[in-house]
Number of protein chains: 2
Amino acid sequence: MHRLYDYLPSGNGYKVRLVLKQLGLPYELIELDIKVGATRTPEFLAKNANGRIPVLEIPEKGYLAESHAIISYLAEGSALIPDDAYQRARMWQWMCFEQYNLEPNIGTVRFWLKMLGKTRVELGEKLIEKKKSGYAALDVLEDGLRERNYLVGDQFTLADIALYAYTHVAHEGGFDLAPYPNIRSWCDRVSSQPRWAPITSP
Amino acid sequence: MHRLYDYLPSGNGYKVRLVLKQLGLPYELIELDIKVGATRTPEFLAKNANGRIPVLEIPEKGYLAESHAIISYLAEGSALIPDDAYQRARMWQWMCFEQYNLEPNIGTVRFWLKMLGKTRVELGEKLIEKKKSGYAALDVLEDGLRERNYLVGDQFTLADIALYAYTHVAHEGGFDLAPYPNIRSWCDRVSSQPRWAPITSP
């Protein structure tokens with residue numbers, strides 16, 4: 001059975017938990033509180049030298065870090081990954097965009113404000129920059145969902161799970177999704193999938 | 001024939017050019033100067049709403065953005081991607097790490113100092129933070145190369161190309177690789193590969 005090292009409020013961890021649930025795979029959850037340095041201990045760094053959750057422990061294989069590496073490993077051969085090579089590459093395009101443009105802005109602001117309880121005054125210019133980049137990422141996502149039900153082809157894929165994770169809780173970092181009708185209806189479609197679960201559920 | 005929209009000093013573009021060269025695939029190069037907004041025109045935004053190079057135009061398919069999505073599409077079925085599912089996932093782990101931890105720090109500082117000609121004084125606290133995060137990424141990479149020739153298995157893969165792109169020019173952003181013997185010898189191994197080319201070569 002897989003073992004998942006995770007922190008329940010994490011959107012990156014949520015991607016993995018949602019894929020495990022979608023695929024009906026049982027797993028053991030090891031919760032670690034990233035706010036008190038539980039992923040920076042020598043014991044954890046031996047599992048992932050980058051000191052971050054999620055980490056999947058795979059029986060007879062070893063450890064695997066990085067949410068998108070984990071979900072693509074778990075979902076290989078399933079309907080969550082398109083069969084067509086170009087569509088599969090477009091799925092990765094969205095997932096790379098998420099890690100570079102969306103998560104470091106929308107996910108980080110949520111972490112600062114909601115998890116660490118930092119104030120707007122304290123964050124100052126850093127917060128203003130992250131908000132600007134976060135809204136730019138939302139603009140790209142809104143455009144990518146124009147006249148589409150899902151991000152790639154007309155199929156619910158890992159791209160939808162990966163982008164949904166931090167987008168649907170963007171308001172927890174003070175982002176307003178009101179001007180993004182495509183994103184809002186897509187979020188509803190994702191959360192209406194069978195075997196869906198809310199972000200903090202184990 | 002593939003068409004590549006690119007900016008030659010870009011490490012992300014270099015990853016794609018190096019994979020095309022490794023695979024012996026001919027392509028047409030369209031150079032765009034990102035410093036003067038050539039990727040923010042309506043014409044280019046129709047190709048990639050995120051306004052970034054590299055973008056690959058694939059005959060009879062369409063456009064594909066994000067360097068790692070492009071190289072995994074191009075290299076599918078080649079020796080640059082491990083056959084084993086776990087090793088392939090480990091390759092993606094390193095590539096995700098690069099986009100989240102290495103490129104935004106080491107690549108961005110190089111862009112600020114070398115391409116935009118900004119000064120250390122002008123950048124201030126932002127530069128200090130990026131340098132700190134960049135060195136933390138180099139620490140993880142150094143650890144990952146301990147007693148190994150390549151990042152994944154004992155095979156030269158897309159992970160080596162992806163991580164090499166910005167690491168081997170880290171000095172252009174003021175990063176000192178002297179304390180990283182594993183990284184330095186791995187850089188030598190990568191640049192000794194057949195069909196290698198320097199970063200700015202078309």
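Predicted model only: the values in this text are computed from it and were never measured. Letters A, B, ... are given to chains in the order of the sequence lines, protein chains preceding strands, and every chain is numbered from 1.
- Inspection of non-hydrogen atoms places B/Thr108, B/Lys126, B/Glu129, B/Val140 of residues 108-141 of chain B under 4.5 Å from chain A.
- Within a 6.0 Å radius of CG in A/Asp188, more than 12 heavy atoms belonging to other residues, nucleotides or ligands are found.
- In terms of modelled atom types and a separation under 3.5 Å, the side chain of B/Gln93 and the main chain of A/Ala65 share a donor-acceptor contact.
- Within a 6.0 Å radius of CG in A/Asp83, other residues, nucleotides and ligands contribute 12 heavy atoms or fewer.
- With respect to chain A, the highest number of heavy-atom pairs below 4.5 Å among B/Gly144, B/Ser67, B/Pro104 belongs to B/Pro104.
- Residues B/Ala89 and A/Ala69 come closest through the heavy atom pair O-CB, 3.5 Å.
- For B/Gln99, the parts sitting under 4.5 Å from any heavy atom of chain A are the backbone and the side chain alike.
- Residue pairs that meet the salt bridge (charged side-chain N to carboxylate O under 4.0 Å, His left out) test with at least one member in residues 22-37 of chain A, sequence neighbours left out, are A/Arg3-A/Glu28, A/Asp33-A/Lys35.
- Atoms CE and SG, from B/Met95 and A/Cys96 in turn, are 7.0 Å apart once rounded to the nearest 0.5 Å.
- Counted by atom type alone, A/Tyr100 and B/Glu103 present one or more donor-acceptor pairs between their side chains at under 3.5 Å.
- B/Arg90 and A/Tyr63 make their closest contact through NH1-O, 3.1 Å (heavy atoms, listed as atom of the first residue, atom of the second, distance).
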Next on the checklist: Go through it in stages, so that I can follow the logic: the residues are B/Glu66 and A/Phe97, the test is side-chain contact (heavy atoms from CB on, under 4.5 Å), and I'd like the CA-CA distance, side-chain angles, deciding distance and then a yes or no.
Outcome noted: CA-CA 7 Å; B/Glu66 299 291 336; A/Phe97 164 80; 3.8 Å; yes

Donor-acceptor list for residues 19-27 of chain B side chains, cut-off 3.5 Å, not counting sequence neighbours:
| from | atom 1 | to | atom 2 | distance (Å) |
| --- | --- | --- | --- | --- |
| B/Gln22 | NE2 | B/Pro194 | O | 2.9 |
| B/Gln22 | NE2 | B/Arg195 | O | 3.2 |

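- Within residues 42-58 of chain B, the residues having any heavy atom closer than 4.5 Å to a heavy atom of chain A are B/Ala49, B/Asn50, B/Arg52, B/Ile58, listed by residue number.
- To the nearest 0.5 Å, the span separating CD on B/Gln87 from OH on A/Tyr73 amounts to 10.0 Å.
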